Amino acid sequence: MLKKQRVTKEEALNFILTYIVVEQGRSLNLDQLSLFNLSNLAQQATETINETEGIIPHEVIEELATSYLESLT
């Protein structure tokens, strides 16, 4: 039996972009490479959230997004 997904990749990507642009006030240059990296980040968040019981989705996504931002500097 398949487990119900708590978060989809699209939802995770939406949250990542909202967190970076709105909450952190950062601007992004969305070229092919950055879109690829953000898509991979969303996939990683989705897998972590959907495979781990009791984890808080927004905390996982914020942590991954923060690491991504730190890698840009």
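Not measured: the values here are computed from a predicted model.
The closest donor-acceptor contact from the side chain of E11 to the backbone of T8 lies under 3.5 Å. Side-chain atoms of S71 come within 3.5 Å of backbone N or O of Y68 as a donor-acceptor pair. Side-chain atoms of S39 never come within 3.5 Å of backbone atoms of L35 as a donor-acceptor pair (strictly under, hydrogens ignored). At least one donor-acceptor pair under 3.5 Å links the side chain of N50 to the backbone N or O of R6. Distance alone, capped at 3.5 Å, places no donor-acceptor pair between the T52 side chain and the I55 backbone.
Distance check: E59 CD to I49 CD1 gives 10.5 Å after rounding to the nearest 0.5 Å. Rounding to the nearest 0.5 Å gives a distance of 6.0 Å between CD1 of I16 and CD1 of I61. Between atom CD of residue Q5 and atom OG1 of residue T46 there is a gap of 7.0 Å, rounded to the nearest 0.5 Å. The distance from atom OG of S67 to atom CD of E62, rounded to the nearest 0.5 Å, is 12.0 Å. Atom NZ of K9 sits about 14.0 Å away from atom CG of N14, to the nearest 0.5 Å.
With a 4.5 Å cut-off on side-chain heavy atoms, L17 and L28 count as touching. Two residues are said to be in side-chain contact when any heavy atoms from C-beta on lie closer than 4.5 Å; T66 and E63 fail this criterion. Proximity of H58 to Y19: side-chain heavy atoms (C-beta onward) are nowhere separated by under 4.5 Å. The side-chain heavy atoms of L38 and I20, taken from C-beta on, include a pair separated by under 4.5 Å.
L30 and L69 fall within a single hydrophobic cluster, where Ile, Leu, Val, Met, Phe, Trp and Tyr are joined by side-chain heavy atoms under 4.5 Å apart, directly or via other members.
Inspection of the N37 and S34 side chains reveals no N or O donor paired with an N or O acceptor under 3.5 Å.
The nearest pair of heavy atoms linking A12 to A42 is CB-O, 3.7 Å.
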